[in-house]
2 protein chains.
Amino acid sequence: MAEKAQTAAKKSQSRAEREADRRRVILRAAVEVFSRKGYHGCRIQDVAKEAGVAYGLVYHYFKNKDELLESVFASGWQNFLARVSAEILADHHVAARVRGIVHVAFEAYRRDPRGVKVLILEVGRSPAGGAVNRGGAFSAVILAASEMFSEAQVRGEIPAHLHPTLCATMLFGTIEMGLTSFVMGLLDKRDDEAIERARDQVAETFLHGLTGARPTASVQPPPSTGRARSRPTS
Amino acid sequence: MAEKAQTAAKKSQSRAEREADRRRVILRAAVEVFSRKGYHGCRIQDVAKEAGVAYGLVYHYFKNKDELLESVFASGWQNFLARVSAEILADHHVAARVRGIVHVAFEAYRRDPRGVKVLILEVGRSPAGGAVNRGGAFSAVILAASEMFSEAQVRGEIPAHLHPTLCATMLFGTIEMGLTSFVMGLLDKRDDEAIERARDQVAETFLHGLTGARPTASVQPPPSTGRARSRPTS
DNA sequence: CGGCGCGCTGATTCTGGAATCAATATTCCA
DNA sequence: TGGAATATTGATTCCAGAATCAGCGCGCCG
């Protein structure tokens, strides 16, 4: 819809750029406000104010409030999804892959706590009939992870009697609640080191259990596809 | 408010009873509707229709929509809270207590999936500023569980380097997502036996980890306070 | 440099649903 | 049985907030 500006070469480009910027600003503001007051607890006006624009403009860029949430979700989740998928598909021992997934999740949180909060609290849990159709996307990751565990069983890396899907949900449940501790202020979210320790504990406990947990599995990240290289801040 | 009817002995009693019934019917209907469309996605009218009463009546029994949700929460959570607390306070090895907690949660689900769904999806996750102040209640359980793990560390039952609070959140995260698998239809909620297997897997994986999970820890419930005795169906 | 189109604005309209309330039915007690 | 007290109803009021739209002014083009 905004692509009509592609008539000329350079100038129009700059215009399109500014448009995209606006869009991003609004999206950003939406994340901010959603995380503060929740989707239902805020008006479009709040988002507009946060973004420093008239609220009519929000409708210029997004069809309605739902589409706004949908976009917030898409922009946040796609990214996360891609990274997690990469971890899942890597062909390492399942333990390494699990560590990778945990790592990705916590890294995402460290980079953008607000965004993660919205994902967790708003999008992740919208009631069945709800507006946003993100249930599918969520299931997709679970499914992929199930695959991974299933495969790990074939390779004999984990016991055969475990239900792969349940393993997958448990993994994400563990991660999610780990993050929620921060989101809800049960743990100090300022402390970067605490976040790292939490991350390691989550991974190790999931892998070796409460009773068998090892004395911290060193901080160096597990060997995996791309997680390690420090990506451009973005 | 309805207690004024206690003037006489028998008849008035019956009246009070019918009132309480009504109240319960409405509460029940609310759970039903909330679980189907979510708190924000439904009108008072829907609840009334489900309960088979006029919606004005809902206001006779509950001050407003919020109080209705609050009550749904209270009636469901108090119960659960009490049972979980009992498990937490029992002085068994921490493993037994963990099993007990998991057991209670799954039992609650088996008895009333709808109710658990509402608790998980609506109440458990309401965004910070939200209406219902149940965050406190939730934190309370986490805190209690933290205590338990802390104590277990003193007794040397689990490694000292683990963060007790994180252990607690992980435990409930694992449980919650385990249940969510059913709520979301990732696993077959009809299959009673599947539920039991899931329950055991959740407990054992949490305790011994993915890699160390034992070949199913037998179905017989762990030795704990009162969980074992099959309570009157209700 | 003049005018025109499109990004942008915010007052205005519209909608849906919460909460009220006056009227009606039912129950209870003397 | 009468009538006071209470339960129940649903049309009505009221309002928050979503979505619209008519116009304004900035920037771009010839």
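The analysis underlying the following values was restricted to heavy atoms, covering all of them including side chains, and did not include hydrogens, waters or symmetry mates. All chains are named by letter (A, B, ...) in the order of the sequence lines, taking the proteins before the strands, and each is independently numbered beginning at 1.
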Rounded distance in Å - [atom1] ([X]) to [atom2] ([N]):
X: B:Asp46; N: C:dG16; atom1: CG; atom2: C1'; answer: 12 Å
X: A:His60; N: D:dG23; atom1: NE2; atom2: P; answer: 19 Å
X: B:Tyr39; N: C:dA18; atom1: OH; atom2: C1'; answer: 10 Å
X: A:Tyr55; N: C:dG10; atom1: OH; atom2: C1'; answer: 5 Å
X: A:Gln45; N: C:dT12; atom1: CD; atom2: P; answer: 14 Å
X: B:Lys49; N: D:dT9; atom1: NZ; atom2: P; answer: 14 Å
X: B:Leu68; N: C:dG17; atom1: CG; atom2: C1'; answer: 15 Å
X: B:Lys65; N: C:dG17; atom1: NZ; atom2: P; answer: 9 Å

key: Of the listed nucleotides D:dG17, C:dT9, C:dA19, the one nearest the side chain of B:Asn64   = C:dA19

Candidate nucleotides D:dT9, D:dA18, C:dT9, ranked by approach to the side chain of B:Val53 - the nearest = D:dT9

inquiry  = Any base atoms under 4.0 Å from B:Leu57, or only sugar-phosphate, or nothing? Heavy atoms, all strands.
reply    = base

request  = Can you establish whether the number of heavy atoms outside A:Glu147 located under 6.0 Å from its atom CD is more than 12?
outcome  = no

message = Given the ring of B:Tyr59, does B:Lys65 sit roughly above its face, with NZ or CZ under 6.0 Å from the centre of the six-membered ring and within 45° of the axis?
response = no

query = Under a 4.0 Å N-O cut-off, is there an ion pair linking B:Arg36 with B:Glu50?
reply = yes

inquiry  = Is the shortest side-chain heavy-atom distance between A:Thr205 and A:Thr174 below 4.5 Å?
reply    = no

ask   = Can you tell me if the side-chain N/O atoms of A:Tyr59 get under 4.0 Å from OP1 or OP2 in C:dG10?
value = no

